[in-house]
Amino acid sequence: MPRSSAPPDFADRPPWTRPGFIASAALLLVIVIVGVLIAALSLGDDSNDTADSTPPVNPAPAGSSPDQALPTTVPTTAPDDVTWHLVGQVAVPSSDTAGPRTTSGGVASGYAHTPVGALIAAAQISIRASYSAGRASWEPTIERQLVPSADRDRLLSTLKESDAAGESAAQPGELSQIAGFSYQSYTPDTAVIGLALRAPAGNSRYHIVTLSLLWRDDDWRLVAPPGGAWTSLSRPAPDLTGVVEWGAR
């Protein structure tokens with residue numbers, strides 16, 4: 001029998017039909033599939049890690065305040081948009097931008113949360129809380145716009161005693177007028193302001209009343225003087241050195 005008519009020898013078969021080749025190909029396919037699965041799982045883990053590694057958005061810390069964005073630069077010249085009108089016999093300032101926003105029942109309230117707002121509040125509240133402003137002004141002003149304290153209660157009690165005793169208010173020209181200001185300190189929470197007052201007409205003397213204010217309930221509140229006596233916060237001054245001149249003309 002000629003060799004060409006014999007069944008093909010195993011060695012003569014195409015290589016891709018041989019069992020060894022088929023087994024190798026199958027093993028390679030398994031390796032590829034396993035590699036793809038491992039890569040897919042790794043990607044899933046990476047995405048989870050990415051999500052977990054995103055920094056959390058922390059809430060604002062307790063006690064934080066947006067006050068950090070508020071203006072704190074105190075004026076070194078007299079504020080521009082101020083007009084003056086009388087409360088009793090003393091001229092007090094008002095501003096379209098710094099307040100007061102409302103005046104009712106002897107009380108002027110609604111001041112800007114700024115250094116100028118504190119300055120106008122210091123002038124308005126201290127004058128309205130004085131005996132010369134009349135009971136319709138000093139009583140509600142002390143009750144609503146002075147920080148509650150024993151000193152505030154003492155001040156209110158003293159004025160009520162004076163009113164009950166029939167003490168008369170000052171006569172025209174007997175009261176000092178606002179002549180200037182100086183800031184001793186200022187933060188959005190606290191302001192300490194020296195209010196300069198010119199002695200009555202015919203007298204060139206001055207006195208500086210140091211007033212402290214706190215920002216409470218969205219408005220400036222005045223701290224009552226020690227013992228309820230404004231004289232404890234007053235010192236004489238020969239002139240206006242170190243003071244920004246400011247007052248009704």
Side-chain angles (χ1 to χ4, degrees), residues 70-101 103 107-133 137-138 141 145-146 169-215 219-225 229-249:
L70 294 170
T72 57
T73 302
V74 301
T76 56
T77 59
D80 291 329
D81 64 336
V82 171
T83 57
W84 298 81
H85 64 276
L86 291 175
V87 171
Q89 299 179 39
V90 180
V92 296
S94 295
S95 165
D96 289 340
T97 58
R101 291 193 300 271
T103 301
V107 174
S109 61
Y111 300 97
H113 200 176
T114 64
V116 175
L119 172 63
I120 294 180
Q124 283 270 1
I125 298 174
S126 62
I127 298 301
R128 291 178 179 276
S130 66
Y131 188 73
S132 62
S137 178
W138 56 256
T141 296
Q145 295 188 291
L146 267 65
Q171 298 300 308
E174 292 182 345
L175 294 178
S176 298
Q177 299 292 327
I178 295 172
F181 64 84
S182 63
Y183 288 81
Q184 297 185 13
S185 65
Y186 180 86
T187 72
D189 296 326
T190 306
V192 181
I193 298 173
L195 197 63
L197 299 171
R198 182 183 291 105
N203 199 323
S204 60
R205 292 181 295 108
Y206 299 89
H207 53 279
I208 310 294
V209 181
T210 302
L211 302 171
S212 298
L213 300 100
L214 304 179
W215 183 257
D219 210 351
W220 289 108
R221 313 288 176 180
L222 187 63
V223 177
W230 293 111
T231 53
S232 64
L233 300 176
S234 178
R235 61 179 176 82
D239 52 41
L240 294 177
T241 299
V243 171
V244 177
E245 294 192 35
W246 183 58
R249 303 299 183 187

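Only this structure's heavy atoms are used, side chains among them; waters, hydrogens and symmetry mates stay out. Each residue takes its place number in the sequence, starting with 1.
Legend: residues meeting side-chain hydrogen bond (donor to acceptor under 3.5 Å, both in side chains) with E245, ordered by chain and number and at least two apart, are absent. Judged as a ring pair (Phe, Tyr, Trp, His ring centres under 6.0 Å), and not counting sequence neighbours, the contacts of W246 are W84, F181. Looking at residues two or more places apart in sequence or on another chain, you find a side-chain hydrogen bond (donor to acceptor under 3.5 Å, both in side chains) between T97 and D81, S95. V116 is linked by a side-chain contact (heavy atoms from CB on, under 4.5 Å) to P75, P79, A98, T114, I120, counting only residues two or more places apart in sequence or in another chain. Applying the side-chain hydrogen bond (donor to acceptor under 3.5 Å, both in side chains) criterion to S130, with sequence neighbours excluded, gives S132. For S94, the side-chain contact (heavy atoms from CB on, under 4.5 Å) criterion is met by T83, H85, P100, Q124, not counting sequence neighbours. Residues passing the side-chain contact (heavy atoms from CB on, under 4.5 Å) test with A224, sequence neighbours excluded: L146, S149, D151, R152. In terms of the side-chain hydrogen bond (donor to acceptor under 3.5 Å, both in side chains) criterion, residue partners of T241 (sequence neighbours excluded) are, by chain and number, D239. Legend: residues meeting side-chain contact (heavy atoms from CB on, under 4.5 Å) with A118, ordered by chain and number and at least two apart, are Y186, A191, I193, W220.
Of the inter-residue distances, the one linking L119 atom CG with Y111 atom OH reads 11.0 Å to the nearest 0.5 angstrom. Interatomic distance, NE2 of H207 versus OG1 of T231, reported as 10.5 Å (0.5 Å rounding). Atom OG1 of T76 sits about 10.5 Å away from atom OH of Y183, to the nearest 0.5 Å.
Residues P188 and T72 meet the side-chain proximity criterion, which asks for heavy atoms closer than 4.5 Å. Within the 4.5 Å cutoff, the side chain of P236 has no heavy atoms near those of the R205 side chain. T103 places a side-chain heavy atom less than 4.5 Å from the side chain of R128. In this structure, I178 and L197 have side chains that are in contact, with non-hydrogen atoms separated by less than 4.5 Å.
S212 and V192 get closest at one heavy-atom pair: OG-CG2, 3.9 Å. Nearest heavy-atom pair across L175 and Q89 is CD1-CB, 3.9 Å. Listed here is the closest heavy atom pair of A237 and I208: CB-CG1, 4.0 Å. Closest approach of A248 to A91, counting heavy atoms only: CB-CB, 3.8 Å. Nearest heavy atom pair, residue T73 against residue P115, reads O-CG, 3.5 Å.
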_For a side chain to side chain contact (heavy atoms under 4.5 Å, CB included) check, start with the C-alpha distance between S126 and V209, then their side-chain angles and the critical distance, and finish with the verdict._
CA-CA 10 Å; S126 62; V209 181; over 6 Å; no
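Side chain of D219 to main chain of G110: a donor-acceptor pair is present (N/O by atom type, distance under 3.5 Å, no hydrogens or angles). Formation of a donor-acceptor pair under 3.5 Å by the T190 side chain with backbone atoms of T187 is not found in this model.
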